[in-house]
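The structure appears below as structure tokens.
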Amino acid sequence: MAKPKMINILQILCFSIGFISCKNTAQKIEDSRFISYIINPKNQDLKFYLKNKDNVNFFSFQNLKTELEKENKKLIFATNGGMFNREFNPQGLYIENGKTISLLDTLQQNSGNFYLLPNGVFYLTKEGKPVICKTEKFKAKETIKYATQSSPMLVIGNNIHPKFTKGSKNMNIRNGVGIRPNDNIVFVMSKGKINFYDFALYFKSIGCKNALYLDGFVSRTYLPSKNWIQLDGGFGVIVAETEKLN
């Protein structure tokens, strides 16, 4: 009778350790400095948006929300999806529904965050697989449904961008995107000003081997489930999750 009891005790211990480990992992995602949101792209309806049916930029989450409601859709989550030029068009590559709207920018310049190399591309395939890669590694494929280019890369192969400095005084509101080991996407925006190093460190701490900066002070997030509702803003690309209403 002693042996079965020992097995039961071991099973309970293993279960308890596993539960604690899972709980700690879940808690690790939450950080009061950030608004973070995880998406499983195979189960959730994530799309990239730029212009409405009249070929006019959505520009704000409110405009997108209003347009979606006309289509009997609910806006669940939205964030700005990369840098843009003076005309609010994408700075660099942009692909929407398999169509290339803006070409890959491979220039090397010395000014602006977009040219703080390496920069990168965040894309989603038609099968729902998310990828973040350095611009130099990107290859156009027919399987790509959505893509946006931005800069700088935050985490590259599990390493923080080599040009980031710990303790830097370069502080700003920032938002970005990372991919977790299970291929879930995590979108993050800082609630307050933060430097690049600490922002990248957060992505690394939650298991993202690759993460990409999306933008700075203009960044906004719409996420009613966490009581974070920002409907203003002036953007180029918007990345959003929607849900069909009954």
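Each residue takes its place number in the sequence, starting with 1.
Atom OH of Tyr146 sits about 6.5 Å away from atom CD of Glu96, to the nearest 0.5 Å. Here the CD1-CG distance, from Ile35 to Asn227, works out to 9.0 Å after rounding to the nearest 0.5 Å. Atom CG of residue Asp45 and atom CD of residue Glu241 lie 7.5 Å apart, to the nearest 0.5 angstrom. Note that CZ of Phe84 is 10.5 Å distant from CD of Gln91, once rounded to the nearest 0.5 Å. Distance check, rounded to the nearest 0.5 Å: CZ of Phe34 to CZ of Phe199 gives 6.5 Å. Rounding to the nearest 0.5 Å gives a distance of 10.5 Å between CG of Leu124 and OG1 of Thr143.
Put simply, the side chain of His161 gets close to the backbone of Leu117: a donor and an acceptor are under 3.5 Å apart. No side-chain donor-acceptor contact under 3.5 Å links Asp215 to the backbone of Ser219. Although no hydrogens or angles enter the test, the distance criterion places no donor-acceptor pair under 3.5 Å between the side chain of Glu67 and the main chain of Asn63. Of the possible donor and acceptor atoms, none in the side chain of Lys47 sits under 3.5 Å from a partner among the backbone N and O of Asn97. Side-chain atoms of Asn210 never come within 3.5 Å of backbone atoms of Cys133 as a donor-acceptor pair (strictly under, hydrogens ignored). A donor-acceptor pair under 3.5 Å is formed between the side chain of Lys126 and the backbone N or O of Glu142. A distance-only check finds a donor-acceptor pair linking the side chain of Arg180 to the backbone of Ile206 [under 3.5 Å]. Using modelled atom types, no side-chain atom of Ser150 and backbone atom of Gly82 make a donor-acceptor pair closer than 3.5 Å. No donor-acceptor pair under 3.5 Å is formed between the side chain of Asn172 and the backbone N or O of Arg174.
Here Leu104 is tied into one hydrophobic group with Leu93, Ile95, Val121, Tyr123, Val131, Phe138, Ile144, each link being a pair of ILVMFWY side chains closer than 4.5 Å. Applying the 4.5 Å side-chain rule to ILVMFWY residues, one finds that Met171 remains a lone member of its cluster.
Contact of the Asn158 side chain with the Lys204 side chain is registered, since non-hydrogen atoms from C-beta on lie closer than 4.5 Å. In this structure, Phe61 and Asp232 have side chains that are not in contact, with every pair of non-hydrogen atoms separated by 4.5 Å or more. The shortest side-chain heavy-atom distance between Tyr197 and Thr165 does not fall under the 4.5 Å cut-off. Put simply, the side chain of Phe122 reaches to within 4.5 Å of the side chain of Ile185, judged on heavy atoms. Between Leu50 and Pro90 there is a side-chain heavy-atom pair separated by less than 4.5 Å. Two residues are said to be in side-chain contact when any heavy atoms from C-beta on lie closer than 4.5 Å; Pro162 and Ile156 meet this criterion. Phe77 is listed as a side-chain neighbour of Thr221, based on a closest heavy-atom distance under 4.5 Å. In this structure, Lys65 and Ser60 have side chains that are not in contact, with every pair of non-hydrogen atoms separated by 4.5 Å or more.
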Test side-chain contact (heavy atoms from CB on, under 4.5 Å) applied to Arg220 and Tyr222, step by step = CA-CA 7 Å; Arg220 299 287 190 277; Tyr222 175 80; over 6 Å; no
Tyr213/Asn119 under side-chain contact (heavy atoms from CB on, under 4.5 Å): CA gap, chis, key distance, verdict = CA-CA 9 Å; Tyr213 180 66; Asn119 52 26; over 6 Å; no
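Between Lys73 and Glu71, at least one side-chain nitrogen of the basic residue sits less than 4.0 Å from a carboxylate oxygen of the acidic one, meeting the salt-bridge criterion.
In summary, the side chains of Gln149 and Thr135 do present a donor paired with an acceptor at a separation below 3.5 Å, with no hydrogens or angles considered. At a cut-off of 3.5 Å, with distance as the only test, no side-chain donor of Asn195 or Ser168 sits close to an acceptor on the other residue.
With hydrophobic clusters built from ILVMFWY side chains whose heavy atoms lie under 4.5 angstrom apart, Ile160 does not share a cluster with Ile132. Grouping the Ile, Leu, Val, Met, Phe, Trp and Tyr side chains by contacts below 4.5 angstrom, directly or via other members, places Leu75 apart from Phe187. Put simply, Val186 and Phe196 are part of the same group of oily side chains (I, L, V, M, F, W, Y) that touch within less than 4.5 Å, one to the next. Both Leu68 and Phe235 are members of a single hydrophobic cluster when ILVMFWY side chains are connected at heavy-atom separations under 4.5 Å. Residues Leu201 and Val177 do not share a hydrophobic cluster, clusters being chains of Ile/Leu/Val/Met/Phe/Trp/Tyr side chains in contact below 4.5 Å.
For the side-chain hydrogen bond (donor to acceptor under 3.5 Å, both in side chains) criterion with Thr66, the lone passing option out of Gln62, Lys70, Glu69 is Gln62.
Of all heavy-atom pairs spanning Val188 and Ser36, the tightest one is CG2-CB, 4.1 Å. Nearest heavy-atom pair across Gly128 and Lys42 is O-CG, 3.8 Å. Of all heavy-atom pairs between Leu223 and Ile76, the closest is CD1-O, 4.0 Å. Closest heavy-atom contact between Asp183 and Pro41: O-CD, 3.7 Å. For the pair Gly178 and Phe203, the tightest heavy-atom approach, listed with the atom from each and the gap, is N-CE2, 3.5 Å. Nearest heavy atom pair, residue Phe58 against residue Leu64, reads CD2-CA, 3.7 Å.
Every pair tested for side-chain hydrogen bond (donor to acceptor under 3.5 Å, both in side chains) that includes a residue from residues 49-58 fails, sequence neighbours excluded, so the list is empty.
Within a 6.0 Å sphere centred on NZ of Lys226, other residues, nucleotides and ligands contribute more than 12 heavy atoms. Within 6.0 Å of atom NZ in Lys191, more than 12 heavy atoms from other residues, nucleotides or ligands are found, so the atom counts as buried in its surroundings. The neighbour count for Lys244 NZ, taken as heavy atoms of other residues, nucleotides or ligands under 6.0 Å away, is above 12. Counting non-hydrogen atoms of other residues, nucleotides and ligands closer than 6.0 Å to CG of Leu103 gives a total of 12 or fewer.
Between Tyr94 and Phe48, the ring planes lie parallel to each other; the angle is under 30°, not in the 30° to 60° tilted range.
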